[in-house]
Amino acid sequence: MSDLLEYVQDRYAYWAIVLLMIIGLYGMLFKNNLHKKVVGMIIFQNSMILLFVTAAFKWDATVPVRDPEIDVQVVENYLNPLPHTLMLTAIVVGVAIVGVAFALLIKIYDNYGTIEEDELLNKLESPSPEDDGDCDTNDTQRSSSPKGGSA
Amino acid sequence: MSAYETYFSTVPFWAMIVSAVAVPLILAFGRKPNLREAVTLIAAVIKFVLVLTLLPDALAGRAGEWVLFEIAEGIDFSLRADPFGVFFALIASGLWILTSCYSIGYMRGHAEKKQTRYFASFALSLSATIGIAFSANLLTFIVFYELLTLATYPLVVHSESKKAIAAGRQYLAYALSAGLLMVAGMAWVYMATGTLEFTPGGILEEGMVSASGMKFLFVLFLIGVGVKSGIMPLHSWLPNAMVAPTPVSALLHAVAVVKSGAFGVVRVVGFVFGPEVMATYGLNIILAVASGTTIILASLIALQQTNLKRRLAYSTVGHLSYIALGASLLTAEGFIGGMMHISTHATMKITLFFCAGAIFVHTHKSDIRELDGIGRAMPWTLGAFTIGSLGLVGLPPVNGFISKWFLVSGGIEAQMWPLVVVLLLSGLLNAAYFFPIVHRAFFREGEKRADGRSVWEGVGEASPWMVVPLTLTGAMSVFFCFFPDLPLRFFTIATRVTQDIMGGGLPL
Amino acid sequence: MTNPSQSLIIKMVSRTLATFIQVFGIYVIIHGHYSPGGGFQGGALLAAGILLIRMTEGREESQPTLATAIATPLASLGAVIFAGLGVVILFFGGNYMDYGAVPVPGMEVPVVRYYGILIVEVGIGLAVMTGLVSIFDDMVRTNRQSGPDMGRGGMS
Amino acid sequence: MDMSKGKKILGFLSLLSLTILLLVAVDSLPKRGLPDAPAHQVINAAGNTGAGAYFIQSAYEDAATPNMVTVVLGDYRSFDTLGEVVVVFAAAIACYLILRRREDEEK
Amino acid sequence: MNHIPVLIPMVLLLASMFAVFGKRSQENYLPFLVALAGMGLSAVLSIIGMVHSVTEGPIHYHLGGWQPPMGIELILDPLSAFFCLMITLVAAVVLLHGEERVRIEVGDRIPAYYSSALMLVGGLTGIVLTGDLFNLYVFLEISSLASYALLATGRKPAAVSAFRYLILGTIGASLYLLGIGFLFMEVGSLNMTELAVMIPEVPVTAGIAAAAVLMVVGIGLKMALFPLHGWLPDAYTFASSPATTLVAPIGTKVAAYVLIRIFLFLFAIDFMKEGIQLTTIVGWMGAAGVVWGSVMAITQRDMKRMLAYSSVAQVGYIALGIGLANPLGLIGAVLHAFAHCFMKACLFMVQTNFLHRLGHYDIFRLDHRTRVAMPWTCAALAVASLSMIGLPPTIGFFSKWYLLLGCIEEGAWVFLAVLLLSTLLNAVYFFRVLEKVYLRSDGEAYDDHDEEADQATSSREVSAAMLYPTLVLAGSLLVLGFANAWIVTHFLQPMFPVW
Amino acid sequence: MNWVLEIFLDILLLTTAIVALQAKDLMTSAVATAAFGFTVALLFISMGAIDVGFTEAVVGAGIVGVFFVAAIYRTTRKTKD
């Protein structure tokens, strides 16, 4: 029994991470609302970061800031700073992607007036005539007329 | 296995490239028909002369070779004028001159459109054909083989009618698939032997591939070359491709395309697999069955056709298989007969197509039943037609007799009696589908118009641009029967190649 | 965002709070060598200060704090500081980003590295602050209502 | 992401298999917090100094900075950090490219 | 000379930072010139690097002067140099070609466009050059962010497809990161060279196998490997033409490169082949992708979408070659990546030219008048199509040739059959276009009147700036075809030491 | 390192994640996301990753929340799922 307890004690953090990952992936893949997809993405990325931080963890070690009192030559005294650094980068990457995701989402709302995926798919399948134009260009006339274009 | 003594020569390359160089000129002179056609003719003559200069060395067993560059890792892109290549190149380039003259007459007489594209594609496909003839290895061969497919595609779809486009699609589908299978087979051979160089007597040896693998490999190659040489059931593109203008049918479907297929069959049998491997694994049986069946079936189908060109097309299908059959005998006579049939069939069939084209352009008749009594209106044309028919039946004094003689004696030597029967039977069938035409043309009265006069009244010969070439080819057919070795030494070359393939020890 | 608060108190509070946040942000950048924090955290705090003002006063009114038009070029400048430092080191014969290769008179190699990291952190801080503000500005910009200052010109 | 029923089921199945894969993989990972896990080794399996251990031991000597994360971020792995800054910049540019409109359209 | 590995991506990234300066107007040529200079410079550097890596061996560049396990290492070996060269060359040509269209389709956001383009290319070269797994992730995200932005320009649905790409791309990158995490926890390093030494030393656990699987799935998503390709067709179809032309040829190839790196230089190939048989799975995915992509391409009438599906198929070829996991197969895969890069760029350029002059790229609306009006563009289309089909002597034939050899060596007959079948399928959808362009679709007889009408349709060929890049790429397909043996012996064979 | 605290944080994490995904009101979702970010930050700090925790607190609870709210203002607040 105590073996089992020990086993659980060793693993439960990993299980929580896996659970979070799956929740996040579920949100990204199966949620209908694009906002929710982004939420899923945030959860997913954070669970990934959590895994790395767990990898850096050592029992009875202190934070990776040099304390003159604690010998740096004994590696067991300090947490591994490498995954921490990596995850700083990963967090920033994550927020950048979230920013772009929101920007795209806003653009979709501007174009279609909805951010529900099923409605979007309906609109994509029956495109309105103006969909064919280049919505952001300033010369729809030019690209639609066969004689257009500059020499 | 006598590999040829090779020497450096750029002539094969120039012979190959000269008509390709003509293409831009032809395109550039698109608006000046006379100049454009002059370019075509000049290129044709230059090409023939260049090939001719290779003949003495080929007879001496020396092959001019130019390794241009390495085209794929371990494989060179090289052109080598070995005797067999020269043999084929001579036929193709020689007949190109005549076909060019005839084309000019036909195209002008018929007021075809897009003549520039026509002549350009024509020149390009000749380049490809000569390239096929001079390819020193399989990869070079396939490059030109595919090029030939592409270059002839515009010719097939020339009229751009729905029918032509459909035929073009079918042609592409067949030819591309065949090329693909051949590429796969090549890759396999390369992995097994480490070389793709054509070697008399074959590059594959026993045990390199498992027995079933060897059979599969042979089938791959057979399909690869078989589509172009119209072995049944891969032939069906050929009759449909007859929608092309007649000179195209004449050159491409009597000489270039189908003959490169037949040439490929001999190359594959003699230079890739080799008689020993063929015999050991029973591959020649596969080939013999396929070609024998094709000969009989094609002749039977030809009997059903009422369109003259289609009948000729099926006749072509049948006769191409003579060549394959000759190769499948694996005897010296068989090889000689097969190779000779490449040349004899070329002159005869081109004569027939020229005649069909002349009749069509001049009278707009293409159905056999409409040809009653035409012989009197166009005696030269139909005379040539008669000569060609006699030759294809295998009667002297036309050169078809020579090749057929060797084929039959090869069959007897190999003791493959069914094949001998097939050959004889097909001769009869040939007679059955050709002689009625001749009979109608000369011995029947033409239809009467309302005013009681014959439809042929006032109809004379077609333009000399067409009549002269067809007369010439007809005359050549007769001439080669009496002097098979003169002036181009076809017979000597064929013997020489056969010796090389068979290992040189065989008496003739 | 689109409905900026008109309340003076909120404005005052947010301005004051923003100032503190930004001071803290600068502290975080500078002090990153000794305690948690550094360029990114500091930059994000600086951005948070500006975003606070943006949110309470509206995008147009808060332009003087950090104009949208110069946010993107400033982000680029921050990145250029970082990347450029590496390029400068190349001229001193070191590998890219090898601060120790720069001979600074009277400084030990570790100290040179110390200052190298500091410069990098400042670059990160600048880039992150302006980058985040730029993203935010692009997001809240409404499609049709507008101010006269919309993204006119860069630093040309 | 066409949410037809079949695809949904397929998606759930793949999610399930991923879950199983992850759980199995997680089971073989070193126990949490073990100081001698491969990631923390002083001498790693290749016989080199392990990166994490080296950072702990020499960060202060190399850059006179007590915060190891800062040193790794700013010096040892500064190229990553440069990439991180470029990512933020890229995001800013991306939002610019996606959302920013022409002045005259907005008037 | 020794700084080349870092200079190639940094020149591009620095250029991307400078490209945003400048007025937001269509007459602002500064970003374009900066981009062109950046791409040109990095292309030149790539050429030097390529030559250097082949003649004098690979360069291992230690960033910050730190030895590999501590610092990040950039590796310029023949493989990475080759991909760098390919990316920068094609990107430079595409950039030149797209300039005119960018002004039309992107309008006043030109600085951001070119900045993103440079970041895309810079990120991709970074991916190619880096020798550190996490650094690779960072560069992966840089290039992904840039490509999301680029692919969001264009028609209205572009935003939706770009969002979908973002979601799936993030999943892919995150799974890759997860794989790194497992590997790091199980083995304890991030450096590829070191990992290659260490992985055989440590016992094989579920964690390592899962790491391999996750990395392959993650990269497979980026690469649009068959069941994971869902984002690609829409994203390429709806994006603005210059953006598609830029992203399509190089984006997926780099993911393929990462796959090769993972298979060859990270995990021992035997482990991948016999241990967890991941190569086989990848090969089958590739084969399925080849068939699926080709079949879908046949059903399209939108040329851009057809090309997008064809990309799925072509990626399948590369995966198939990687799945063979023998030197010939890998040479085929790399050569095909190279060939496809040029072919797809050329074809998308042709499509852009059609859009530019005709205002559409609907296959059913193309006819012989198109060819009369744009003879050179159509010639480029023909050459590129033949190469896509794989007819000699274009490069497309030879890449397939090596794949075939690899299949036979491996005894993978199904893959062989797939290769042959797909060639026919390719022929179907490309000859369909060629037939439209080169033959009269109405099937009516051709008369003098038509000939006059054709001549009256005076040439409306695109401007030189758009035409010449197209022609250069089309011509290069032939040149590369003839030079393939040279490429293989001098550059590709040194990449794959016989194991 | 207190593992009672950690389990509590883990449970909080899962709760906020599920709330953030399932809320019908996107503003609730935004707040839950911010709470999620902050919980993760706490978890990081409890594991000794102070730098990461700090960053996550600023980003997860701050910047992402602001972006989220901004995006909601620009789009819509209601959703079906």
Side-chain angles (χ1 to χ4, degrees), chain A residues 9 12-13 15-17 19-20 23-24 26-27 30-36 38-40 42-43 46-47 49-50 52-54 56-65 78-79 81 83-88 90-92 94-95 98-99 101-103 105-106 108-110 113-116 118, chain F residues 1 3 6-7 9-11 13-27 29-30 32-34 36-37 39-41 43-60 62-81:
Chain A
Q9 210 173 338
Y12 75 92
W15 295 340
I17 290 168
L19 204 55
L20 268 184
I23 291 174
Y26 164 79
F30 297 107
K31 278 290 167 185
N32 196 32
N33 186 289
L34 300 189
H35 275 298
K36 293 294 177 65
V38 181
V39 171
I42 294 168
I43 295 170
N46 275 315
S47 67
I49 294 163
L50 206 50
F52 272 83
V53 170
T54 312
F57 181 67
K58 297 173 193 170
W59 293 107
D60 306 323
T62 183
V63 295
V65 178
Y78 290 90
L79 294 173
H84 290 179
T85 318
L86 304 183
M87 286 312 105
L88 276 180
I91 290 173
V92 179
V95 73
V98 170
F102 279 131
L105 198 149
I106 291 168
I108 291 170
Y109 191 79
D110 285 352
T114 178
I115 45 168
E116 302 290 328
D118 48 358
Chain F
M1 168 90 203
W3 72 269
E6 206 182 65
I7 288 191
L9 287 178
D10 274 345
I11 291 168
L13 211 54
L14 292 173
T15 320
T16 47
I18 290 167
V19 169
L21 272 182
Q22 298 296 343
K24 297 272 181 256
D25 182 352
L26 285 175
M27 208 48 109
S29 185
T33 311
F36 175 83
T39 318
V40 175
L43 200 55
F44 291 159
I45 289 169
S46 83
M47 280 197 264
I50 35 173
D51 277 272
V52 185
F54 190 1
T55 315
E56 180 61 37
V58 174
V59 168
I63 305 289
V64 168
V66 170
F67 284 175
F68 206 151
V69 173
I72 290 173
Y73 266 99
R74 277 295 303 276
T75 57
T76 173
R77 204 177 145 165
K78 293 274 172 270
T79 174
K80 286 182 296 184
D81 66 354

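Proteins come first, then strands; the chains are lettered A, B, ... in the order of their sequence lines, and each starts at number 1.
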Minimum heavy-atom distance [X]-[Y], with the two atoms named:
X        : Y        : answer
A:Tyr109 : F:Thr75  : CB-CG2, 3.5 Å
F:Ala71  : A:Phe102 : CB-CD2, 3.4 Å
A:Pro64  : F:Gly48  : CD-O, 3.8 Å
A:Leu20  : F:Ala17  : CD2-CB, 4.0 Å

As a quick check of understanding, evaluate side-chain contact (heavy atoms from CB on, under 4.5 Å) for F:Val40 and A:Ile49, giving each step before the final call. CA-CA 9 Å; F:Val40 175; A:Ile49 294 163; 5.9 Å; no
Should F:Glu6 and A:Tyr12 be marked as a side-chain contact (heavy atoms from CB on, under 4.5 Å) after you check the CA-CA gap, both sets of side-chain angles, and the distance that decides it? CA-CA 10 Å; F:Glu6 206 182 65; A:Tyr12 75 92; 2.4 Å; yes
Quick check on the interface: out of [options], who has the most heavy-atom pairs with chain A under 4.5 Å?
options                            : answer
F:Thr16, F:Asp51, F:Ile72, F:Leu26 : F:Leu26
F:Leu21, F:Thr33, F:Val52          : F:Leu21
F:Leu13, F:Thr55, F:Thr79          : F:Thr79

When F:Val64 is tested against each of A:Ile91, A:Ile42, A:Val38 for side chain to side chain contact (heavy atoms under 4.5 Å, CB included), which residue passes?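 Of A:Ile91, A:Ile42, A:Val38, side chain to side chain contact (heavy atoms under 4.5 Å, CB included) with F:Val64 is met by A:Ile42 alone.
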Knowing that exactly one of A:Leu50, A:Leu79, A:Val63 qualifies, which makes a side chain to side chain contact (heavy atoms under 4.5 Å, CB included) with F:Met47? A:Leu50
Region of [X] that comes under 4.5 Å of a non-hydrogen atom in chain F:
X       : result
A:Ile43 : both
A:Val65 : side chain
A:Thr62 : neither

Once you round to the nearest 0.5 Å, how far does [atom1] of [X] lie from [atom2] of [Y]?
X       : Y        : atom1 : atom2 : result
A:Lys31 : F:Gln22  : NZ    : CD    : 3.5 Å
F:Arg74 : A:Leu105 : CZ    : CG    : 10.5 Å
F:Ile18 : A:Ile23  : CD1   : CD1   : 4.5 Å

Yes or no on side-chain contact (heavy atoms from CB on, under 4.5 Å) for A:Val39 and F:Phe36, after CA distance, side-chain angles and deciding distance? CA-CA 10 Å; A:Val39 171; F:Phe36 175 83; over 6 Å; no
side-chain contact (heavy atoms from CB on, under 4.5 Å) for F:Ile50 and A:His84? Distances and angles first, verdict last. CA-CA 9 Å; F:Ile50 35 173; A:His84 290 179; over 6 Å; no
F:Phe68-A:His35 aromatic ring centre distance below 6.0 Å: yes
